Amino acid sequence: MPFSLFDWMHLAALAAMLLVAMWQDAAMRRIPNTLVLWGSLTALGLSVSPHGIGLGSAIAGGMVGFFGFLLLYLLRGVGAGDVKLAGATGLFLGYPNMLWVNLLILLSGGVLSIGWALITSQLGSVLQNLKTGLAQIWLNRQHGHLATPTALPVGRTRVPYAIAIGAGTAVHLLNTWPTR
């Protein structure tokens, strides 16, 4: 089925938000709130149009994106801007698509983190954090309770996680959008 004008507008708005966020995050390690607000309002407006995904699906997708990355924020794995960007992306994609996109973002983030660690010569620190985190999970399972997780040490440089959000979203769209 060929793309309609609405499909192109929807894709262009999502791509614009993600591309600007990736550029800002890579250049300044910040994602502007005004960008996320613009993206969120645009996504909500598109969702209620006759060809949109529906307000309920958009809000559910936004919640999946936001709350899916809130735990990573609480563990100091991503910044608050990344959480808000994932929520805005969910408003565009809706539910249940954002469930899959969250998984793809996490996979993209893992690849990005390893690449970033290699580029910045911090692979040893990343592997030590991974070892500490896995040991904590193993100890919690052995003792039958979930203790409060400890935050892992933050390295000298932060990964621009908006790139992972953009990459995970792009992979999802490339695999699903033409079948709409």
Side-chain angles (χ1 to χ4, degrees), residues 7 10-11 13-26 29 31 35-36 39-40 42-44 46-47 52-119 123 126-127 129-138 140-141 146 149 151-152 154-155 158-180:
D7 291 332
H10 189 229
L11 182 60
L14 174 59
M17 179 188 74
L18 290 173
L19 288 171
V20 171
M22 291 187 308
W23 178 73
Q24 289 282 323
D25 200 16
R29 300 299 187 274
I31 299 170
L35 174 67
V36 176
S40 298
T42 301
L44 289 172
L46 290 170
S47 74
I53 60 174
L55 187 60
S57 177
I59 290 174
M63 290 175 65
V64 167
F66 183 85
F67 289 113
F69 285 89
L70 185 61
L71 178 61
L72 287 176
Y73 169 74
L74 294 174
L75 293 172
R76 297 173 52 196
V78 298
D82 301 317
V83 176
K84 293 179 274 187
L85 182 63
T89 302
L91 291 171
F92 275 101
L93 299 176
Y95 178 85
N97 289 329
M98 196 58 193
L99 290 172
W100 296 108
V101 173
N102 273 358
L103 178 61
L104 291 169
I105 291 169
L106 290 172
L107 291 172
S108 298
V111 171
L112 176 66
S113 295
I114 291 170
W116 198 262
L118 287 170
I119 290 169
L123 187 58
V126 170
L127 293 176
N129 284 349
L130 181 61
K131 177 182 169 187
T132 302
L134 292 174
Q136 181 178 346
I137 291 169
W138 182 79
N140 284 338
R141 292 191 129 235
L146 294 174
L152 299 175
V154 176
R158 298 193 51 104
V159 174
Y161 207 78
I163 295 171
I165 295 171
T169 303
V171 167
H172 174 74
L173 290 175
L174 288 171
N175 285 319
T176 61
W177 195 280
T179 62
R180 242 184 113 186

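Just so you know, these numbers use all the heavy atoms, side chains as well, and skip hydrogens, waters and symmetry mates. None of these values were measured; they are calculated from a predicted model.
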In sequence, state the C-alpha distance, the side-chain angles, and the governing distance for Ile165 and Tyr161, and then conclude on side chain to side chain contact (heavy atoms under 4.5 Å, CB included).
CA-CA 6 Å; Ile165 295 171; Tyr161 207 78; 4.1 Å; yes

Partner of [X] under side-chain contact (heavy atoms from CB on, under 4.5 Å), chosen from [options]:
| X | options | answer |
| --- | --- | --- |
| Thr89 | Val64, Leu14, Val36 | Leu14 |
| Asp82 | Val159, Leu72, Ile31 | Ile31 |
| Met17 | Leu91, Thr42, Leu85, Thr169 | Leu85 |

Contacts of Val20 that satisfy side chain to side chain contact (heavy atoms under 4.5 Å, CB included) - sequence neighbours left out:
Gln24, Leu35

Rounded to the nearest 0.5 Å, what's the gap from [atom1] on [X] to [atom2] on [Y]? Could you check?
| X | Y | atom1 | atom2 | value |
| --- | --- | --- | --- | --- |
| Leu104 | Asn175 | CG | CG | 8.0 Å |
| Leu99 | His172 | CG | NE2 | 10.0 Å |
| Leu74 | Leu70 | CG | CG | 4.5 Å |
| Tyr73 | Lys84 | OH | NZ | 8.5 Å |
| Leu112 | Leu107 | CG | CG | 12.5 Å |

Given side chain to side chain contact (heavy atoms under 4.5 Å, CB included), test Ile53 with Leu46 step by step and report yes or no.
CA-CA 8 Å; Ile53 60 174; Leu46 290 170; over 6 Å; no

Got Asn97 and Thr176 here, is their nearest side-chain heavy-atom distance under 4.5 Å?
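Side chain of Asn97 against side chain of Thr176, heavy atoms only: no contact under 4.5 Å found.
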
List the atom of [X], the atom of [Y], and the distance in Å for their closest heavy-atom pair.
| X | Y | result |
| --- | --- | --- |
| Ala88 | Ser40 | CB-OG, 3.5 Å |
| Ala58 | Ser47 | CB-CB, 3.6 Å |
| Phe69 | Asn102 | CE1-OD1, 3.1 Å |

N/O donor-acceptor pair under 3.5 Å between Arg29 side chain and Ala26 backbone:
yes

All pairs passing ring pair (Phe, Tyr, Trp, His ring centres under 6.0 Å) where residues 74-103 contributes a residue, at least two apart:
His10-Phe92

Could you walk me through whether Ile163 and Asp25 pass the side chain to side chain contact (heavy atoms under 4.5 Å, CB included) test, one step at a time?
CA-CA 8 Å; Ile163 295 171; Asp25 200 16; over 6 Å; no

